[in-house]
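Below is one structure; the comments refer to it alone.
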Amino acid sequence: MISFDFEYYKPTSINEAIQLFQSLVEQGKDPIYFSGGTEVITLGRVNQIQTDAVIDIKGIPECLVLKKDEQKVTLGSAQSLTKIREMQLFPFLNKAIVEIADHTARNKITLGGNICANIIYRETVLPLLLTNSEVAIASPNGLKQVPLQEVFNQKLNLEKGEFLVQVTTEQSEIDCPFVCVKKRRQWDVGYPLITTAALKKEGYIKAAFSGLSDYPFYDPMIEKSLNNKQLSKEERVDQALQQISVPILDDVNGSAEYRLFVLKNTMLDVLDELEGVGNV
């Protein structure tokens with residue numbers, strides 16, 4: 001049960017949502033945007049989040065788009081993970097989605113909700129970072145389209161009053177070979193330990209990670225080491241591990257040492273998968 005009262009609004013256009021947010025702020029309220037609402041409910045029950053007004057973006061058509069043309073795929077931020085996976089528009093993203101929570105939860109969790117969540121994992125952002133995806137962000141100054149890598153640093157950095165509308169990815173990026181591996185401490189149950197996502201484009205491997213630190217991340221220095229083919233695969237992975245600059249989690253799910261052990265073996269598997277076993 002949520003211990004606080006809040007006003008609920010469901011605008012039908014981007015402009016209405018932006019104006020509503022500004023109006024509520026002027027009234028002294030602290031509004032938030034939401035789509036699936038799972039985090040508001042979950043964190044609200046334990047008093048980790050409070051608001052006096054929520055703005056539901058599921059009534060905005062641009063936030064519900066799911067389409068593919070010859071050049072790109074466009075995904076609305078308010079679409080559920082289940083719906084996105086069912087449409088089969090983005091296999092790499094689908095692989096990340098199927099490992100998130102369970103089917104019932106994925107029916108409620110939205111793409112934007114996962115990307116912008118407070119939970120540390122946020123696995124949907126991994127394939128989007130690696131495929132040079134762009135995000136459409138609604139702001140008081142209009143709709144802006146920017147590369148995800150430019151606005152995602154530990155989290156999606158939105159200004160007050162902004163919200164995520166869509167994610168677009170070029171078809172040429174979606175067609176690249178990929179691997180997405182989620183490791184848990186206990187088989188297929190419990191919280192994830194580490195998720196490793198990787199793709200290969202024009203012979204070059206890119207990788208991003210979730211669960212190693214308390215936020216998802218992508219680091220070009222790590223992939224530079226992974227692609228140093230003058231070294232053996234194990235040497236490349238060892239060198240890549242030395243490039244990790246984020247604080248490594250050490251908690252009840254796994255020690256920092258154990259996480260690095262799992263990551264090393266996962267990276268070796270990724271290289272085998274994308275380069276072929278036996279290739280150096």
Side-chain angles (χ1 to χ4, degrees), residues 90 92-93 95-96 99-100 114-135 146-158 167 169-170 173-174 176-183 191-251 253-275 280:
F90 197 153
F92 192 5
L93 180 59
K95 179 60 177 172
E99 298 286 354
I100 295 173
N114 186 258
I115 293 173
C116 300
N118 288 297
I119 192 169
I120 67 172
Y121 304 105
R122 290 168 280 161
E123 294 100 319
T124 58
V125 80
L126 302 182
L128 300 176
L129 286 170
L130 295 177
T131 53
N132 299 313
S133 297
E134 294 191 343
V135 289
V146 294
L148 177 62
Q149 286 188 17
E150 288 187 7
V151 290
F152 191 92
N153 182 10
Q154 302 186 19
K155 63 178 182 178
L156 186 63
N157 293 296
L158 300 174
V167 178
T169 309
E170 295 295 324
E173 299 281 345
I174 290 174
C176 293
F178 67 88
V179 177
C180 189
V181 181
K182 187 169 193 170
K183 294 290 181 70
Y191 281 109
L193 192 68
I194 295 177
T195 299
T196 301
L199 65 72
K200 183 179 181 181
K201 184 176 183 181
E202 298 176 351
Y204 193 82
I205 294 174
K206 300 169 67 176
F209 311 92
S210 167
L212 184 67
S213 186
D214 57 4
Y215 51 84
F217 73 97
Y218 160 73
D219 187 339
M221 293 303 296
I222 293 176
E223 69 185 31
K224 183 178 180 181
S225 296
L226 288 177
N227 286 278
N228 183 3
K229 294 187 179 180
Q230 294 181 347
L231 304 176
S232 69
K233 288 182 180 177
E234 185 152 352
E235 289 172 331
R236 288 154 64 186
V237 169
D238 286 339
Q239 191 177 86
L241 294 176
Q242 294 173 16
Q243 301 300 323
I244 295 173
S245 58
V246 300
I248 300 173
L249 284 175
D250 191 327
D251 57 23
N253 294 312
S255 66
E257 292 78 10
Y258 184 66
R259 279 185 160 87
L260 287 173
F261 169 78
V262 171
L263 180 60
K264 177 177 180 176
N265 285 281
T266 303
M267 281 183 171
L268 287 169
D269 290 342
V270 165
L271 291 181
D272 285 344
E273 180 73 18
L274 293 178
E275 294 184 343
V280 175

Worked verdict on Y121 versus K182 for side chain to side chain contact (heavy atoms under 4.5 Å, CB included): CA-CA 11 Å; Y121 304 105; K182 187 169 193 170; over 6 Å; no
Verdict with supporting geometry, Q243 and K224, side chain to side chain contact (heavy atoms under 4.5 Å, CB included): CA-CA 9 Å; Q243 301 300 323; K224 183 178 180 181; over 6 Å; no
From CA spacing to verdict: side chain to side chain contact (heavy atoms under 4.5 Å, CB included), L263, I244: CA-CA 11 Å; L263 180 60; I244 295 173; 3.8 Å; yes
Residues L126, C180; criterion side chain to side chain contact (heavy atoms under 4.5 Å, CB included); working and verdict: CA-CA 9 Å; L126 302 182; C180 189; 5.7 Å; no
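Rounded to the nearest 0.5 Å, atoms CG (D272) and CE (M267) are 13.5 Å apart. Annotation: the span from K233 atom NZ to D269 atom CG amounts to 10.0 Å, rounded to 0.5 Å. N157 contributes atom CG, which lies 12.0 Å from atom CD of E150 (distance to the nearest 0.5 angstrom). In this structure, the separation between CD1 on I115 and CG on L129 is 9.0 Å, given to the nearest 0.5 Å. With rounding to the nearest 0.5 angstrom, the CD atom of E234 is 6.0 Å from the CG atom of L268. Note that CG of L226 is 11.0 Å distant from CG of L231, once rounded to the nearest 0.5 Å.
Under the side-chain hydrogen bond (donor to acceptor under 3.5 Å, both in side chains) criterion, D250 pairs with no residue at all, not counting sequence neighbours. With sequence neighbours excluded, no residue forms a side-chain hydrogen bond (donor to acceptor under 3.5 Å, both in side chains) with T196. Annotation: ring-ring contact (aromatic ring centres under 6.0 Å, His included) contacts of F178 (sequence neighbours excluded): F92. For the side-chain hydrogen bond (donor to acceptor under 3.5 Å, both in side chains) test, residues two or more places apart in sequence or in another chain that qualify with S133 are T131, T169. D238 pairs by the salt bridge (Lys or Arg N to Asp or Glu O under 4.0 Å) definition with K264, not counting sequence neighbours. Contacts of K201 classified as side-chain contact (heavy atoms from CB on, under 4.5 Å), with partners at least two apart in sequence or in another chain: E173, C176, L199. Under the side-chain hydrogen bond (donor to acceptor under 3.5 Å, both in side chains) criterion, Q239 pairs with S225, sequence neighbours left out. Remark: D214 engages I120, L249 in a side-chain contact (heavy atoms from CB on, under 4.5 Å) (not counting sequence neighbours). Contacts of V181 classified as side-chain contact (heavy atoms from CB on, under 4.5 Å), with partners at least two apart in sequence or in another chain: V179, K183, T266. For E170, the salt bridge (Lys or Arg N to Asp or Glu O under 4.0 Å) criterion is met by no residue, not counting sequence neighbours. Remark: P177 pairs with L274 by the side-chain contact (heavy atoms from CB on, under 4.5 Å) rule, at least two apart or across chains.
The ring pair (Phe, Tyr, Trp, His ring centres under 6.0 Å) analysis of residues 212-232, with sequence neighbours excluded, yields the pairs F209-F217.
In this structure, Y258 places its OH atom where more than 12 heavy-atom neighbours from other residues, nucleotides or ligands lie under 6.0 Å away. Other residues, nucleotides and ligands place more than 12 heavy atoms under 6.0 Å from the NZ atom of K206.
Listed here is the closest heavy atom pair of T195 and E123: OG1-CG, 3.8 Å. Across N227 and R236, no two heavy atoms sit closer than the pair CA-NH2, 4.3 Å. Here the closest heavy-atom approach between residue R122 and residue P216 is recorded as NH2-CD, 3.3 Å. Between G254 and L193, the shortest heavy-atom distance links the atoms CA-CD1, 3.9 Å. The shortest heavy-atom contact between S213 and V246 is CB-CG2, 3.7 Å.
Taking the side chain as every heavy atom from C-beta outward, L271 and I205 approach each other to under 4.5 Å.
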